Participant: 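What follows is a structure written as structure tokens; I'll ask about it next.
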Amino acid sequence: MVRRSRTARPERRAVLRATGRSLQDQSLTDKGLAPPERKTDRILLIACGALAREILAVKERNGWDHMDLTCLPAILHVHPERITDAVEDAVTRHRKVYDQIFVVYADCGTGGHLQAACERLGVEMVKGPHCYSFFEGNDAFDARKEDETTAFYLTDFLARQFDAFIWKPMGLDRHPELLEMYFGNYTKVVYQAQIDDPTLTERAREIAERMGLEFERRFTGYGDLETTMSAWAKRPPT
Amino acid sequence: MSEEEDIILSELDDEELVQQMFDDLYDGLKEEIEEGVNILLERKWMPYDILTKALVGGMTIVGADFRDGILFVPEVLLAANAMKGGMHILKPLLAETGAPRVGKMVIGTVKGDIHDIGKNLVSMMMEGAGFEVVDLGINNPVENYLEALENEEPDILGMSALLTTTMPYMKVVIDTMVEQGIRDDYIVLVGGAPLNEEFGKAIGADAYCRDAAVAVETAKDFVGRKHNQLSA
């Protein structure tokens, strides 16, 4: 049996308190998360399912009770060309009943299309190329990027969902011989930890081993996600 | 006991063997493809015919089914790996037997980017279509491209990127070519998952190619036009 770390428990409890229900990673990957019923005078965050736990933890620890969350399936990242339409559809659907909507995606491989759609819709999104960047802090990530060209990044979500999100969709469970074709040019796994959880660290280390890459753990916390949400939380209703 | 009978490739006639090689490519069976290529060579097939009729023919089906959402990346990679096995046997023979050359391409993944699956597929399919390909590999600064253009004198420059953060570097390369007055000497094709046609136009490329098959068709089209212009 796997023992859960003590340090991770408060974060888990925060997520449970904020949602009133338990979050299942598999469900966040495939289905996302529906918003609650309350809508008046509230802010809605439309986010990637891969960020649900982190957003709820940040919301809870700052007491931003006027923020609601709905998530699109995290697995959309396997087809980034579908993200923009999915976000646009969600904004259009929810804006009739929410005072303010913010999009908790970075560019995420949409090639600027998501940014353009958000500008057209008049909603803000998180700055940066992807979550690896804003968790570390976009400026810090940018400063490091030339030295980390061959790094493969894992977040807490990816460490938990690696098999469902990467290993199986890439066919590596059935065809391990493809590993070299996919990851032959990488040299290390950088595990960006949002919370201190030795179980997740071990899992990330095991993933690096499976990929035949060096392992580095880097504690990032919530980085620019928290500062961005903080600015949004204080924004007066339009 | 299985009701399926083992297929002995050497016992198939040419037409059946080529059809079987299409199936084997589709299933990513590298050893079978290598065996099929060797059998056709023993039967005195020209290497170029084996390449175009058996291997490229099979990969065209794989490409079409990938585009239609029937096959996915892992299956395409397995098929490509099988084709690579066949190409490895044929490549030295193609040069010896004077196979037709459609044109020449220099290709590479841009600076800061180490992803080469798409680029490798394009290289292989371009070679299959009769292009000579000089592959610069990954993480190429502008100097690498310029040096290769000068030394290799290709018809086409191909650039690939998988990341939103690295794709703008293609513009750095094209802008440098413009500054040096050599931009119009080459056909510039770009590709990679986050790119689109609009981006290709905005950075001054001749075309964006969404997959390897489109890259081959686009390259043939542009090279054909270039040759027509020269002969007019």
Side-chain angles (χ1 to χ4, degrees), chain A residues 75 77-84 105-117 125 127-134 136 138 141-153 166-188 213, chain B residues 27-31 69 71-85 108-121 124 137-141 160-171 190-203 208 210-211:
Chain A
I75 200 70
H77 276 86
V78 176
H79 300 284
E81 72 281 3
R82 297 178 190 168
I83 291 175
T84 304
Y105 273 88
D107 181 74
C108 298
T110 64
H113 278 205
L114 183 57
Q115 178 69 51
M125 58 185 273
K127 288 190 176 63
H130 34 63
C131 61
Y132 320 123
S133 176
F134 67 64
E136 184 152 340
N138 285 320
F141 189 86
D142 196 54
R144 225 194 262 264
K145 76 177 179 195
E146 293 225 353
D147 299 327
E148 295 207 330
T149 307
T150 59
F152 183 86
Y153 295 98
I166 292 168
W167 202 253
K168 286 179 186 166
M170 285 185 152
L172 288 163
D173 54 331
R174 290 159 283 136
H175 303 290
E177 71 272 22
L178 293 177
L179 189 67
E180 178 65 24
M181 286 175 95
Y182 283 125
F183 298 115
N185 295 328
Y186 285 93
T187 58
K188 68 172 174 179
L213 302 175
Chain B
D27 293 334
L29 303 175
K30 188 179 177 187
E31 283 178 22
L71 291 182
F72 298 95
V73 172
E75 290 80 20
V76 174
L77 289 185
L78 289 167
N81 198 38
M83 178 162 170
K84 204 170 153 191
T109 303
V110 296
K111 186 180 172 186
D113 205 320
I114 59 165
H115 301 94
D116 59 3
I117 288 176
K119 171 188 70 63
N120 293 345
L121 277 173
M124 197 170 66
I138 56 172
N139 196 18
N140 285 288
S160 169
L162 184 77
L163 305 174
T164 308
T165 46
T166 56
M167 65 188 214
Y169 196 79
M170 293 176 175
K171 187 171 187 310
V190 295
L195 277 70
N196 52 53
E197 209 168 325
E198 200 184 339
F199 175 80
K201 274 186 197 158
I203 62 167
Y208 153 73
R210 73 166 186 263
D211 60 33

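Side chains included, hydrogens not; waters and symmetry mates left out as well; all remaining heavy atoms used. A, B, ... follow the sequence lines: proteins, then strands. Residue 1 opens every chain. Just so we're clear, the structure is a prediction, and the values are computed from it rather than from any experiment.
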Participant: Should the pair Asp142(A)-Lys145(A) be classified as a salt bridge under the 4.0 Å nitrogen-to-oxygen rule?
Facilitator: yes

Participant: Measuring heavy-atom distances to chain B, does Glu148(A) have an atom under 4.5 Å in its side chain, in its backbone, in both, or in neither?
Facilitator: neither

Participant: Under 3.5 Å, is there a donor-acceptor pair linking the side chains of Asn185(A) and Asp116(B)?
Facilitator: yes

Participant: Answer yes when Arg144(A) and Glu136(A) have at least one side-chain N-carboxylate O distance shorter than 4.0 Å, and no when they do not.
Facilitator: yes

Participant: Kindly state whether the ring of Phe141(A) and the ring of Tyr132(A) have centres lying under 6.0 angstrom apart.
Facilitator: no

Participant: Tell me, side chain or backbone of Ile117(B) under 4.5 Å from chain A's heavy atoms, or both, or neither?
Facilitator: side chain

Participant: Let me know if Met181(A) has heavy atoms under 4.5 Å from chain B in its side chain, its backbone, both or neither.
Facilitator: both

Participant: Is Ile114(B) in contact with chain A via its backbone, its side chain, both, or neither, using a 4.5 Å heavy-atom distance?
Facilitator: both

Participant: Output, in order, the C-alpha distance, side-chain angles, deciding distance and verdict of side-chain contact (heavy atoms from CB on, under 4.5 Å) for Phe199(B) and His113(A).
Facilitator: CA-CA 10 Å; Phe199(B) 175 80; His113(A) 278 205; over 6 Å; no

Participant: Less than 4.5 Å to any heavy atom of chain B: does that hold for the side chain of Tyr186(A), its backbone, both, or neither?
Facilitator: both

Participant: In terms of heavy-atom pairs under 4.5 Å with chain A, which of Asn120(B), Asn81(B), Leu78(B), Leu162(B) leads?
Facilitator: Leu78(B)

